[in-house]
> 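Sharing a structure with you now.
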There are 2 protein chains.
Amino acid sequence: MAGPGRGVTIADVAARAGVAASTVSYVLSGKRSISPETADRVMQAVADLGYHPHAGARSLASRRAGVIAMMLPLRDGMHLPVLMQFASGAVTEARRHDQDVLLMTADEGPAGLSRVAASAIVDGLILMDVEVRDPRVETLRRLGLPSVLIGFPADAEGLTCVDLDFTAAGRVCADYLAERGCGDIALLGASEAVYARRTGFAERVREGFLGRSGARAEVWPCPDEAVSVQRTVKELLAANPALTGLAVHNEPAVGHVMHALADAGKRVGEDFHVVVIGPDEVAERVHPQLPSVLVPAETLAETAVRHLMRKLDGLEVPDSTLVEPQLTVR
Amino acid sequence: MAGPGRGVTIADVAARAGVAASTVSYVLSGKRSISPETADRVMQAVADLGYHPHAGARSLASRRAGVIAMMLPLRDGMHLPVLMQFASGAVTEARRHDQDVLLMTADEGPAGLSRVAASAIVDGLILMDVEVRDPRVETLRRLGLPSVLIGFPADAEGLTCVDLDFTAAGRVCADYLAERGCGDIALLGASEAVYARRTGFAERVREGFLGRSGARAEVWPCPDEAVSVQRTVKELLAANPALTGLAVHNEPAVGHVMHALADAGKRVGEDFHVVVIGPDEVAERVHPQLPSVLVPAETLAETAVRHLMRKLDGLEVPDSTLVEPQLTVR
DNA sequence: AAAGGCCGTCGAAGCGCTTCGATGATGGGG
DNA sequence: CCCCATCATCGAAGCGCTTCGACGGCCTTT
């Protein structure tokens with residue numbers, strides 16, 4: 001049962017257990033040894049009263065807020081479901097460490113980082129979808145706020161970064177197509193805008209893909225909307241009639257690509273092969289279902305949170321963590 | 001420029017401006033009148049030092065955390081992009097009111113609500129995707145924590161609820177199909193599980209749909225996966241060969257439905273009409289693009305936050321707010 | 001049997017802020 | 001010309017917690 005009225009304080013708990021407030025604090029934090037009998041009495045009082053320490057008071061006294069921030073990108077081109085998986089994965093993992101998660105958007109930019117750092121509202125932060133040249137990175141370095149980045153900026157010196165090994169993902173796709181006997185293959189990527197922004201992952205996929213498949217591969221940026229996708233695919237097939245394999249790294253486009261291929265008389269899974277880099281749903285929603293390499297959003301989020309927790313505890317973490325891609329064949 | 005070292009306090013600002021700490025506080029909060037000259041000097045010092053009040057200290061002293069919680073459902077059947085839009089809409093609006101947003105998941109359940117209420121870590125909360133019988137509602141009432149629900153529980157007495165007018169949405173779809181001259185029509189809904197859970201919105205859509213279209217309509221639950229969708233559509237067409245109109249209230253199924261209809265020889269947009277209740281992308285991603293009624297997630301989130309802010313300020317808000325559905329014809 | 005250690009507990013000092021009451025300084029009315 | 005509002009500002013008292021040093025007991029150790 002949760003307590004009845006508002007404002008159960010540590011003093012109330014102490015009174016009910018017949019001890020000093022500091023003793024209650026030590027029982028709860030375990031920072032000094034307390035006799036089992038006393039501890040029991042305290043815990044009982046805590047339960048009886050439904051006591052939860054006042055977060056503000058605790059943060060003030062201990063200089064630990066018990067909250068981490070998560071800054072989400074809200075630019076277009078971002079795939080919302082993946083972000084959501086990130087967010088929920090992070091919250092779930094954070095709660096395991098008794099931390100809460102504050103949600104911020106990238107709109108707040110560097111100033112937002114300064115704000116949360118200075119107000120001590122969070123102990124650390126996770127920055128998602130970091131770009132190659134990201135203005136927040138410099139601020140972050142200056143603030144010295146413990147943080148973990150998801151993605152890799154150009155200069156990762158002194159930062160902790162976590163990401164899917166996109167280069168390997170590109171390689172895996174190229175290999176898959178090669179195994180299926182595809183000679184000429186192509187990578188259909190995100191929209192021009194994404195490349196223009198020099199988004200790290202897009203470039204790394206390209207490198208992995210090209211690096212593995214040599215001269216017989218090419219990379220085409222690709223817009224998201226139905227009509228443009230159809231056109232792009234048509235042009236691609238026209239430009240290289242010998243094409244028999246395609247990797248698609250553009251989630252919203254997958255459905256349209258399949259249509260365009262069907263229109264062009266390609267029988268996917270038979271004389272033509274397609275592999276997707278993206279969430280399972282996307283690869284499953286089309287017919288035939290496609291093999292795919294997914295962005296393991298939850299795993300990345302968990303890893304990021306775990307690393308951040310270690311940093312907050314003053315422990316070592318690797319500067320760079322690359323999660324291996326898994327190809328799911330359907 | 002943000003300040004150099006850590007821990008700029010109000011005392012530092014006061015010293016630099018040559019005033020008392022309390023004066024700085026009053027300048028910042030505007031709760032007492034301060035001469036323009038003094039105020040200027042204070043603001044200058046604040047800017048020079050990059051001062052941001054310590055959130056914990058502020059919350060302790062003022063009993064206002066400046067943070068609201070948002071509890072997201074993470075059950076399956078929930079559509080992730082929509083949740084994300086909610087979350088980002090809420091954060092954006094909250095920041096306009098100088099509030100931060102703490103993210104919680106529904107896994108924490110009622111205990112989570114007790115926790116955040118007792119620890120005073122947030123001032124209020126927004127509960128998403130409330131079900132007809134929701135265990136959190138009772139706790140919420142008991143805690144008396146200011147809150148706004150998105151969705152309607154069975155007993156909304158004394159609660160503030162916001163939602164899309166799903167009944168109207170069902171009606172709008174039925175009307176659209178009627179206008180297109182469809183006689184026999186059907187609503188393809190969410191999976192059985194969603195109905196079994198008695199999710200409010202699913203039921204309300206059904207009511208609106210049936211209420212408008214009389215005896216010539218029917219409602220079929222529908223699973224999400226490709227194969228089951230195809231089967232369901234086939235059965236539906238077999239059961240009612242005269243069917244010429246379909247409303248689909250199941251986002252992941254839309255693509256498969258279109259396929260199944262094509263397989264059955266129906267020419268959508270010509271001798272058969274389909275309307276979607278769901279996000280724009282879903283209706284746009286298929287061919288032909290479909291008319292749709294979207295869940296205006298951002299609007300709902302903004303409204304919810306705005307209402308919550310008013311409640312925190314002790315102002316009145318309507319108990320129940322229904323947002324009108326908009327049909328987008330493509 | 002006295003001295004030293006350790007264990008379990010307590011009290012008090014602050015963390016940085018808001019807010020209340022008090023205090024000069026100023027100015028208008030009698 | 002004095003008194004009393006009014007205005008701008010100050011000082012001090014907490015908010016609820018953590019943490020540091022202190023202090024009795026009790027058990028070893030000599």
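Letters go in sequence order (proteins before strands), and every chain restarts at 1. Remember, it's a predicted structure, so these values are computed and weren't measured experimentally. Atom set for the values below is all heavy atoms of this structure, side chains included, hydrogens, waters and symmetry mates excluded.
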> At 4.0 Å (heavy atoms only), tell me whether B:Ser22 reaches a base, stays on the sugar-phosphate, or touches nothing.
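Base, at least one base heavy atom under 4.0 Å.
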> I want to verify a distance call: between D:dC17, D:dC15, C:dT19, whose nearest atom is closest to the B:Ala61 side chain?
D:dC15
> Thinking salt bridges, do A:Arg141 and A:Glu138 make one under a 4.0 Å N-O criterion?
no
> Hey, is the side chain of B:Arg64 poking within less than 4.0 Å of OP1 or OP2 on C:dT18, counting only N and O atoms?
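No, because none of the side-chain N or O atoms of B:Arg64 sits under 4.0 Å from OP1 or OP2 of C:dT18.
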> Expressed as a whole number of angstroms, how long is the span from A:Tyr51:OH to D:dT18:C1'?
10 Å
> Tell me the interatomic distance from B:Arg58, atom CZ, to C:dT19, atom C1', rounded to whole angstroms.
14 Å
> If the threshold is 4.0 Å, N to carboxylate O, is there a salt bridge linking A:Arg133 and A:Asp155?
no
> Side chain of B:Leu60, heavy atoms from C-beta onward: which of D:dC15, C:dC10, C:dC17 has the nearest atom to it?
D:dC15
> Without decimals, in angstroms, what is the distance between B:Asp40 CG and D:dT9 C1'?
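Value for this atom pair: 16 Å.
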> So, is A:Arg63 near the phosphate of D:dT19, with a side-chain N or O under 4.0 Å from OP1 or OP2?
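So the side-chain polar atoms of A:Arg63 never come under 4.0 Å of the phosphate oxygens OP1 or OP2 of D:dT19.
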> Of the residues in residues 23-36 of chain A, which ones touch DNA chain C at a heavy-atom distance under 4.0 Å?
A:Thr23, A:Tyr26, A:Arg32, A:Ser33, A:Ile34, A:Ser35
> On a heavy-atom basis, which atom in A:Leu83 and which in A:Met128 lie closest, and how many Å separate them?
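For A:Leu83 and A:Met128, the tightest heavy-atom pair comes out as CD2-CE, 3.4 Å.
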> Side chains of B:His54 and A:Ser119: any donor to acceptor distance under 3.5 Å?
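Side chains of A:Ser119 and B:His54: no pair found under 3.5 Å.
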